[in-house]
Amino acid sequence: MDHARSLLRWYRKHGRTFPWRSGKLDPYVVLVSEIMLQQTQTSRVSEALPRFLRQFPTVFDLARAGNGEIIRQWQGMGYNSRALRLRDAAKTIVREYDGVIPSSPEILLSLPGVGPYTSAAVACFAFNTRVVVLDVNVRRVYSRLVKRQKYTTDVEPDEVLTRFAESLIPQRTSSQWHHAVMDLGATICTARAPQCTVCPLASLCPSNNVLQSVSRTRKKEPEFRGKPQRIWRGRFIEVLRGQKPHTHLRPAQLFALATQSPLSAHEEEWFTAVLNRLEADGLILRTRWGVRLAD
Ligand code: SF4
């Protein structure tokens with residue numbers, strides 16, 4: 001297993017350090033950090049995770065948290081409904097598994113807010129289970145290793161990558177291996193400009209020094225005033241998070257504070273639809289006094 005030795009040697013020297021990788025391994029911390037990392041950059045999660053864990057040091061504390069309390073602690077992370085799903089997952093773990101984070105990927109997958117990637121990642125990083133973990137960095141690295149690719153954007157189907165990964169992952173160091181592949185993808189085997197000359201896997205890589213750089217066109221998200229709708233959702237929550245607990249804002253007041261301009265008649269329909277969605281997601285409450293963060 002020369003490839004494993006070279007990659008792990010490289011990782012010990014050049015791997016990234018993050019709060020969720022340091023100290024004593026705690027499956028609860030791995031679960032929280034993996035949910036945070038689903039849609040938030042590592043730098044933001046590095047800042048938010050220690051604060052979140054001070055507030056909710058155990059799965060039992062998290063399971064008891066109310067909606068408003070947990071949304072406040074999710075500050076700066078975006079995609080706030082993830083926080084509620086994470087709390088719901090904690091409730092299930094306390095109720096059905098006595099507060100012990102399950103190690104089986106199948107059971108993890110049944111928890112609220114946990115999809116195929118997160119269940120595999122928690123099983124791998126918290127329990128060192130030999131399971132295939134595919135994120136965007138790992139997909140890219142494996143695609144380039146499995147066959148000679150022409151363009152930097154070329155990615156193989158998951159079935160191909162899974163079969164390939166099963167033959168590569170070492171028996172006893174699945175967690176380290178996956179951290180290493182992720183770090184290689186983030187720093188050396190990057191999306192646009194892979195640095196093959198310093199890559200620890202160059203000697204076995206068929207795409208070594210042959211990739212032509214092309215940029216991927218991103219799918220357009222629904223927009224309002226030139227910004228994606230999710231940004232506005234985040235801003236409305238941010239304004240409510242800044243109020244004292246149980247303070248209501250009139251909808252027009254909330255809109256004006258978040259957008260820095262008054263609500264016009266032609267924007268009302270869009271704004272109402274956003275509030276409906278935030279309410280359905282359990283993030284806000286609407287009462288006769290106005291809008292506030294959920295309890
Ligand atoms: S040799 Fe180049 S393309 Fe192959 S894994 Fe390393 S950085 Fe990526």
Side-chain angles (χ1 to χ4, degrees), residues 1-18 20-22 30 33-34 36-46 105 115-126 128-219:
M1 293 283 256
D2 281 349
H3 62 274
R5 259 201 298 277
S6 322
L7 184 62
L8 294 177
R9 198 179 312 123
W10 172 86
Y11 173 66
R12 281 191 287 277
K13 207 160 162 200
H14 302 284
R16 299 173 296 174
T17 50
F18 293 118
W20 55 93
R21 287 187 189 174
S22 61
V30 175
S33 61
E34 286 301 334
M36 288 183 164
L37 287 162
Q38 283 171 351
Q39 282 139 323
T40 308
Q41 299 150 334
T42 48
S43 55
R44 283 192 174 210
V45 175
S46 295
Y117 167 76
T118 306
S119 62
V122 173
C124 170
F125 297 132
N128 199 27
T129 307
R130 192 173 181 275
V131 61
V132 177
V133 183
L134 293 177
D135 76 349
V136 64
N137 284 326
V138 178
R139 279 192 180 88
R140 185 171 59 248
V141 175
Y142 286 164
S143 295
R144 293 169 180 181
L145 287 171
V146 72
K147 69 177 233 205
R148 183 183 171 121
Q149 304 290 353
K150 193 166 181 193
Y151 300 109
T152 49
T153 46
D154 290 344
V155 177
E156 295 295 308
D158 278 4
E159 307 82 72
V160 173
L161 300 179
T162 301
R163 269 200 308 277
F164 178 63
E166 279 162 356
S167 69
L168 275 187
I169 302 169
Q171 287 297 337
R172 287 193 295 273
T173 47
S174 174
S175 166
Q176 267 203 18
W177 167 264
H178 282 97
H179 281 317
V181 181
M182 284 176 183
D183 286 7
L184 189 78
T187 60
I188 301 276
C189 193
T190 57
R192 296 225 191 126
Q195 302 168 53
C196 301
T197 47
V198 292
C199 176
L201 299 180
S203 63
L204 64 95
C205 178
S207 308
N208 182 3
N209 268 319
V210 299
L211 294 168
Q212 296 172 40
S213 184
V214 277
S215 34
R216 189 182 293 281
T217 44
R218 281 175 184 265
K219 257 202 261 152

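Both ligands and their constituent atoms are indexed starting at 1 by order of listing. Everything numeric here is computed off the predicted structure, so don't read it as measured data.
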Residues in side chain to side chain donor-acceptor pair (under 3.5 Å) contact with Ser119, at least two apart in sequence or another chain | none
With sequence neighbours left out, write down each residue that passes side chain to side chain donor-acceptor pair (under 3.5 Å) with Arg21, or none if nothing qualifies.
-> Tyr11, His179, Asp183
Side-chain touch Cys199/Leu184, heavy atoms, less than 4.5 angstrom | yes
Parallel, tilted or perpendicular: ring planes of His3 versus Trp177, cut at 30 and 60 degrees | perpendicular
For residues 189-196, which side-chain N or O atoms pair as donor and acceptor with protein atoms under 3.5 Å away, sequence neighbours left out?
{"unit_1": "Thr190", "atom_1": "OG1", "unit_2": "Ala193", "atom_2": "N", "d": "3.4"}
{"unit_1": "Thr190", "atom_1": "OG1", "unit_2": "Ala193", "atom_2": "O", "d": "3.0"}
{"unit_1": "Gln195", "atom_1": "NE2", "unit_2": "Thr187", "atom_2": "O", "d": "3.2"}

Spell out the protein N/O/S atoms under 2.8 Å from atom 6 (Fe) of ligand 1 as residue plus atom name.
-> Cys199 SG
Closest contact, heavy atoms only, Val133 versus Val138 | O-CG1, 3.4 Å
